[in-house]
Number of protein chains: 2
Amino acid sequence: MKNPIDSYISYTLAAAHRAVHQSLTAALKEHGVQVEVWRVLETLDAEPSQTMGELARIVLMNPPTLTKMVDRMVMEGLVHRQAGKTDQRQVNLMLTDLGRKRMAQVRGVVQSQDEAICSLLGESEVAKLNNILGRLM
Amino acid sequence: MKNPIDSYISYTLAAAHRAVHQSLTAALKEHGVQVEVWRVLETLDAEPSQTMGELARIVLMNPPTLTKMVDRMVMEGLVHRQAGKTDQRQVNLMLTDLGRKRMAQVRGVVQSQDEAICSLLGESEVAKLNNILGRLM
DNA sequence: AGAAAATAGTTGACTTGGAAAATAATTTCA
DNA sequence: TGAAATTATTTTCCAAGTCAACTATTTTCT
């Protein structure tokens, strides 16, 4: 810490994000799952039949990128598409049994990284961090 | 805020990072400069003759990605490479006059986004945020 | 010394990401 | 109603990223 750029919040944020993202990526790689894939699995498990647009917003991806990732997930048999019931333009995604199974296998990995961070920072710092980050959006 | 995944720190961090990164990208786009390009310019201005490896670490990029971005920057006339003096394997990067000029043009853009964030959060929150983020690496 | 290992950076083959255009369905409103 | 505007998603085409292999140079070690 002594370059000019690390006094900028955007940089500190990018650096912390990179560190956390890389460590999560590495942990999930052993199970052959990408971080964003996990987000989709987890989101769909909690609320099935999410549309592509809403999902893209939640999992922090641009729509075209999500479309392509979902193509891959369909090929792997993790999810399947279904035309929207009331609005035919929409596409609803649902987990397959394999998708649910994969999610269950991998959830623990994400949780333990999260717990590691929590115990590193401490309960109150985590709350503070969440509060501050929330205000940046 | 009510999906299962936004209780994870990795997710909140990614979301905040995305928001800040996108807004900075948009602001810099008007000047035809990528966020990472700006980081290189700023870093080299403060300490010239940085090596590729060290620069990659600082600007948060993988070495092959940096090599290609620097190729582009050389084509645009922003920087030039020079073989390392003591260690011939190393490559030292230096700003050209145009590179310095370009940096001066865009620095204000980055600073004003940073100031906007600072005034949004307040002095003490910014300090707290930097402190917490620093502990994640 | 000099062969083997390590290090810095780049290259190449391949995959992924992004902006803008295209497609298809739904709304709006004259 | 039905033409024009809007919305949801995908496609296309090109730019950028990644992993692994490669080159060149320097270190290590016996």
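Note that the structure is a prediction, hence the values are computed from the model and not measured. Sequence lines set the chain letters: A, B, ... in the order given, protein chains first and strands last, and positions in each chain run from 1.
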- prompt: Please walk me through it: do N130(B) and T12(A) pass side-chain hydrogen bond (donor to acceptor under 3.5 Å, both in side chains)?
  reply: CA-CA 7 Å; N130(B) 270 314; T12(A) 325; 3.1 Å; yes
5' precedence on DNA chain C between R72(A) and N92(B) (nearest-nucleotide basis): N92(B)
message: What is the separation between atom CG on L93(B) and atom C1' on dT10(C), rounded to the nearest whole Å?
response: 14 Å
task: Name every residue in residues 48-70 of chain B that has at least one heavy atom under 4.0 Å from any atom of DNA chain C, in order of residue number, or write none if there are no such residues.
output: T51(B), M52(B), G53(B), P63(B), P64(B), T67(B), K68(B)
- line: Paired with D87(B), the side-chain hydrogen bond (donor to acceptor under 3.5 Å, both in side chains) test is passed by just one of Q90(B), K85(B), R89(B), namely R89(B)
task: State plainly whether the residues R57(A) and E54(A) are in salt-bridge range, i.e. N to O under 4.0 Å.
output: yes
task: Please report, rounded to the nearest Å, how far the C1' atom of dA16(D) is from the NZ atom of K29(B).
output: 13 Å
- prompt: Taking the side chain from R81(A) and the backbone from V91(A), do they hold a donor-acceptor pair closer than 3.5 Å?
  reply: no
field: Sorted by number, the residues of residues 74-83 of chain B with heavy-atom contact under 4.0 Å to DNA chain D
entry: none
task: Answer with yes or no whether the side chains of T43(A) and N3(B) bring together a donor and an acceptor at under 3.5 Å.
output: no
Listed pairs under 3.5 Å, donor-acceptor, residues 26-33 of chain B side chains, sequence neighbours left out:
none

I'd like a table of atom pairs between the protein and nucleotides 25-29 of chain D - only N or O on both sides, under 3.5 Å - with the distance next to each one.
from, atom 1, to, atom 2, distance (Å)
dT25(D), O2, R89(B), NH1, 3.2
dT26(D), OP1, Q88(B), N, 2.9

Would you be so kind as to tabulate the donor-acceptor pairs closer than 3.5 Å made by side chains of residues 13-21 of chain A, with sequence neighbours excluded?
from, atom 1, to, atom 2, distance (Å)
H17(A), ND1, H17(B), ND1, 3.4
R18(A), NH1, L60(B), O, 2.9
R18(A), NH2, N62(B), OD1, 3.2

message: What I want to find out is whether K68(A) reaches D71(A) closely enough, with some N-O distance under 4.0 Å, to be called a salt bridge.
response: no
- request: With sequence neighbours left out, write down each residue that passes side chain to side chain donor-acceptor pair (under 3.5 Å) with E42(A), or none if nothing qualifies.
  value: W38(A), R107(A)
- prompt: Strictly by modelled atom types, are S10(A) and Q113(B) linked by a side-chain donor-acceptor pair under 3.5 Å?
  reply: no
message: What is the separation between atom CD on E36(A) and atom P on dT16(C), rounded to the nearest whole Å?
response: 12 Å
